[in-house]
There are 2 protein chains.
Amino acid sequence: MPDAFWQPPSILLAVDLVILTLRSSKLHVLLVERGIEPYKGEHALPGGFLNNVDEGILAAAQRELREEANLDASQLHLEQLGAYGDPGRDPRGRIVSVAYLAIAPGLPEPEAGADAAGASWKPVEEIDSGRLELAFDHRWILADGIERARTKLERSSLATAFCNEPFTIAELQQVYEAVWGVELDPRNFYRKVQGVPGFIIPVGAERRTTKGRPARLFRRGQQTVLHPPLSRPNPLTTSEAN
Amino acid sequence: MPDAFWQPPSILLAVDLVILTLRSSKLHVLLVERGIEPYKGEHALPGGFLNNVDEGILAAAQRELREEANLDASQLHLEQLGAYGDPGRDPRGRIVSVAYLAIAPGLPEPEAGADAAGASWKPVEEIDSGRLELAFDHRWILADGIERARTKLERSSLATAFCNEPFTIAELQQVYEAVWGVELDPRNFYRKVQGVPGFIIPVGAERRTTKGRPARLFRRGQQTVLHPPLSRPNPLTTSEAN
DNA sequence: TAGCTTCTTGTCACAGTGACATGAAGAGAT
DNA sequence: ATCTCTTCATGTCACTGTGACAAGAAGCTA
């Protein structure tokens with residue numbers, strides 16, 4: 001019960017980034033090795049505190065993206081996942097973190113930024129199989145980020161953000177397969193993707209060298225909402241929600 | 001660039017609640033009249049600061065739900081919308097607010113809680129038509145909450161949370177119509193709702209008095225994920241996303 | 001009993017989908 | 001050249017889910 005003498009507690013605000021990309025047909029997340037306590041030496045999501053009291057939260061996320069991952073935030077999809085603020089999530093005290101999701105196209109090895117002791121792409125499979133542990137509650141933040149990406153792939157054109165332009169339909173299919181963790185029929189995928197108006201648009205009849213028949217090249221269309229949606233294959237009968 | 005002497009800024013953390021319900025077939029939101037500056041006398045979402053540094057964010061939301069709306073949080077759907085922390089959103093200083101969405105079945109007039117000068121249900125239409133202004137950035141928080149509710153209605157059984165049990169299919173339809181802001185064909189709605197296994201289950205052949213033929217009564221099923229989903233009628237061709 | 005209201009059950013055409021066959025266009029081997 | 005292998009591209013078919021209706025069923029009121 002607040003009274004005249006009561007003052008709200010002040011806390012520290014941080015941002016954490018879930019940066020996903022595709023490397024050799026597998027979903028990877030950018031992790032840094034912590035250079036300071038707590039959790040020194042362990043893997044964690046890139047992130048950090050607000051620089052000063054006037055810095056916006058999104059601005060802080062964009063700054064960390066640049067500092068820790070050498071990525072240009074202006075080009076990337078950046079979306080808030082939510083606030084993570086359980087008491088005790090950080091041994092240093094009450095720290096609330098706002099997490100953001102970013103999607104990056106395939107990139108060369110990350111260069112460690114200023115702060116990060118070492119940055120590297122890790123397959124997400126290693127984390128949620130439990131083989132690789134993350135600092136703080138980052139495992140759950142990552143899980144939420146992946147889940148968000150999964151559902152967004154259905155109704156938004158987010159998948160193209162994983163691809164460098166121009167891309168082939170097969171490459172786009174690999175994005176869906178990697179993120180969803182399923183196999184898709186190339187023929188049905190081809191039909192559906194082409195059927196969504198404004199999703200991908202063919203760039204003049206170009207082609208690229210592989211083994212078999214050359215593939216047509218596409219670039220992102222202007223449409224960001226997919227209709228009809230690309231529905232994820234039935235993950236059996238879940239009864240989970242919320 | 002943080003150095004050895006740099007200290008992260010500390011901020012104040014608040015929670016805000018978007019509590020939606022249905023009253024006379026229209027979507028309403030619970031608002032309080034602010035008793036103190038800033039924005040004294042204006043309407044705002046219920047909410048407040050963390051009580052102490054050890055209080056969880058969700059716990060704070062549940063406490064405010066009880067204090068300001070006299071609602072029992074344990075019965076309600078409560079879901080985080082996200083963090084709102086633009087510098088300047090609160091003239092008192094840097095305050096970051098974590099917003100939650102709650103859905104309540106039709107209720108009698110709200111009783112003003114301890115803190116709130118006055119609490120009342122307002123039609124959401126009055127806010128997003130601009131006729132009623134809200135304090136802080138609460139207009140946008142509300143808009144996000146409504147949008148979240150809209151999309152969740154498609155794939156989750158959230159709609160039943162608006163209904164007192166037992167309910168009729170027509171009542172459930174009114175929920176969808178009010179939240180989506182559309183009219184639905186009762187016959188198709190009937191077929192679809194019944195076709196989702198575990199969504200609603202008939203409570204013994206009871207009935208209720210209205211004008212025409214008595215309606216069968218139902219209660220919530222155990223299934224929280226709707227398959228197939230109840231898809232929202234085409235809102236024309238939007239090209240918005242994110 | 002007729003008329004009105006609301007709930008319930010059908011019907012029909014069509015879009016979207018999964019499963020699968022088949023054709024087209026290149027590279028490499030013989 | 002021709003064959004084979006690979007990958008890309010197009011087509012077919014049955015089935016589900018959907019929107020747009022018609023028509024029947026069960027109560028109330030006059």
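By convention in this document, chain letters (A, B, ...) are assigned in the order of the sequence lines, proteins followed by strands, and residues within each chain are numbered from 1.
Taking the 5' to 3' direction, DNA chain D first and last meets chain B under 4.0 angstrom from a heavy atom at D:dT18 to D:dC28.
Using a 4.5 Å heavy-atom cutoff, the side chains of B:Arg131 and B:Glu125 are in contact.
Within residues 169-190 of chain A, the residues that have a heavy atom under 4.0 Å from DNA chain D are, in order of number, A:Ala170, A:Arg187, A:Tyr190.
In this structure, B:Leu217 places its CG atom 11 Å from P of C:dC7, rounding to the nearest Å.
Formation of a donor-acceptor pair under 3.5 Å by the A:Arg148 side chain with backbone atoms of A:Gln80 is found in this model. Judged by distance alone, with hydrogens and angles left aside, the side-chain atoms of B:Arg23 form no donor-acceptor pair with the main-chain N or O of B:Gly106 at under 3.5 Å.
Partners of A:Leu58 by side chain to side chain contact (heavy atoms under 4.5 Å, CB included), not counting sequence neighbours, listed by chain and number: A:Gln62, A:Leu78, A:Tyr100. Here B:Asp144 pairs with nothing under the salt bridge (Lys or Arg N to Asp or Glu O under 4.0 Å) rule; sequence neighbours left out. Applying the salt bridge (Lys or Arg N to Asp or Glu O under 4.0 Å) test to B:Glu126 and every residue at least two apart in sequence or in another chain returns nothing.
Residues in residues 217-230 of chain B take part in these salt bridge (Lys or Arg N to Asp or Glu O under 4.0 Å) pairs, two or more places apart or across chains: B:Glu165-B:Arg220. Evaluation of the ring pair (Phe, Tyr, Trp, His ring centres under 6.0 Å) test over residues 127-158 of chain A, restricted to residues two or more places apart or in two chains, returns A:Tyr39-A:Phe136, A:Phe136-A:His138.
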Throw together a table of side-chain donor-acceptor distances under 3.5 angstrom for residues 167-175 of chain A, partners on residues two or more places apart or in other chains.
unit_1: A:Thr168; atom_1: OG1; unit_2: A:Ala170; atom_2: N; d: 3.4
unit_1: A:Thr168; atom_1: OG1; unit_2: A:Glu171; atom_2: N; d: 3.1
unit_1: A:Glu171; atom_1: OE1; unit_2: A:Thr168; atom_2: N; d: 3.0
unit_1: A:Glu171; atom_1: OE2; unit_2: A:Arg208; atom_2: NH1; d: 2.6
unit_1: A:Gln173; atom_1: NE2; unit_2: A:Glu177; atom_2: OE2; d: 3.1
unit_1: A:Gln173; atom_1: NE2; unit_2: A:Leu184; atom_2: O; d: 2.9
unit_1: A:Gln174; atom_1: OE1; unit_2: A:Ser25; atom_2: OG; d: 3.4

Atom pairs and distances, side-chain donor-acceptor, residues 190-205 of chain B, under 3.5 Å, sequence neighbours left out:
unit_1: B:Tyr190; atom_1: OH; unit_2: B:Arg216; atom_2: NH1; d: 3.0
unit_1: B:Arg191; atom_1: NH2; unit_2: B:Asn188; atom_2: OD1; d: 2.7

Report, one pair per line, the protein and nucleotides 23-30 of chain C atoms (nitrogen or oxygen only) whose separation is under 3.5 Å.
unit_1: C:dG23; atom_1: N2; unit_2: A:Arg213; atom_2: NH1; d: 3.1
unit_1: C:dA24; atom_1: O4'; unit_2: A:Arg213; atom_2: NH1; d: 3.4
unit_1: C:dA24; atom_1: N3; unit_2: A:Arg213; atom_2: NH1; d: 3.2
unit_1: C:dG26; atom_1: OP1; unit_2: A:Arg207; atom_2: NH1; d: 2.3
unit_1: C:dA27; atom_1: O4'; unit_2: A:Lys211; atom_2: O; d: 3.4

Which atoms of nucleotides 14-16 of chain C (N or O only) lie under 3.5 Å from a protein N or O atom, and what are those distances?
none

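B:Ile146 contributes atom CD1, which lies 4.0 Å from atom CG of B:Leu142 (distance to the nearest 0.5 angstrom). Note: A:Leu132 CG to A:Leu134 CG = 5.5 Å, rounded to the nearest 0.5 Å.
Counting only Watson-Crick and G-U wobble pairs whose two key distances fall under 3.5 Å, DNA chain C forms stems of three or more stacked pairs at C:1-30 with D:1-30.
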